[in-house]
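The next block holds one structure in the form of structure tokens; read it before the comments.
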Amino acid sequence: MSAETLTIVISAATMVLAFFGVIGWLVTRMDAQFKNLEQRLTTRIDASDERLTNRIHAVGDKLTNRIDAVERELVEVKVGLARLEGPPRRLLSAR
């Protein structure tokens, strides 16, 4: 083999190795970026989930309190209405 052919073969092998090295570096860097992005998104989603859960519980508590208040008021209205109507009338009088 001549010196020129040997130089071309070595240059081509070096370029192929450098190409695979650059591809490997890019893949490693992209994996790190995706991992970082995934971690940030997970943190944001967890925070949003926490806030949403707290809001849902607050609305549920408020709704429960309102329903209980309506129930108490309804009982009071029933009692008041029963007092206005008086005792039930009977067809037969008791002796």
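These numbers come from the heavy atoms of this one structure, side chains and all, not from hydrogens, waters or symmetry mates. Position 1 is the first residue of the sequence; numbering continues from there.
Note that OG1 of Thr64 is 11.5 Å distant from CD of Glu71, once rounded to the nearest 0.5 Å. Rounding to the nearest 0.5 angstrom, the gap separating the CD1 atom in Ile67 from the CG atom in Leu74 is 12.5 Å. Atom-to-atom distance recorded for Thr43:OG1 and Glu38:CD is 10.5 Å, nearest 0.5 angstrom. Between Asp46 atom CG and Thr53 atom OG1 the span is 10.0 Å, to the nearest 0.5 Å. Between atom CG of residue Asp49 and atom OG1 of residue Thr42 there is a gap of 12.0 Å, rounded to the nearest 0.5 Å. Atom CG of Asn65 and atom CG of Asp61 lie 6.5 Å apart (nearest 0.5 Å).
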Could you go step by step and tell me if Ser2 and Thr5 meet the side chain to side chain donor-acceptor pair (under 3.5 Å) rule?
CA-CA 5 Å; Ser2 69; Thr5 306; 3.0 Å; yes
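For residues 20-29, no pair satisfies side chain to side chain donor-acceptor pair (under 3.5 Å), with sequence neighbours left out.
Taking the side chain as every heavy atom from C-beta outward, Arg40 and Leu37 approach each other to under 4.5 Å.
Of the candidates Leu17, Val22, Ile23, Phe19 forms a side-chain contact (heavy atoms from CB on, under 4.5 Å) with just one, namely Ile23.
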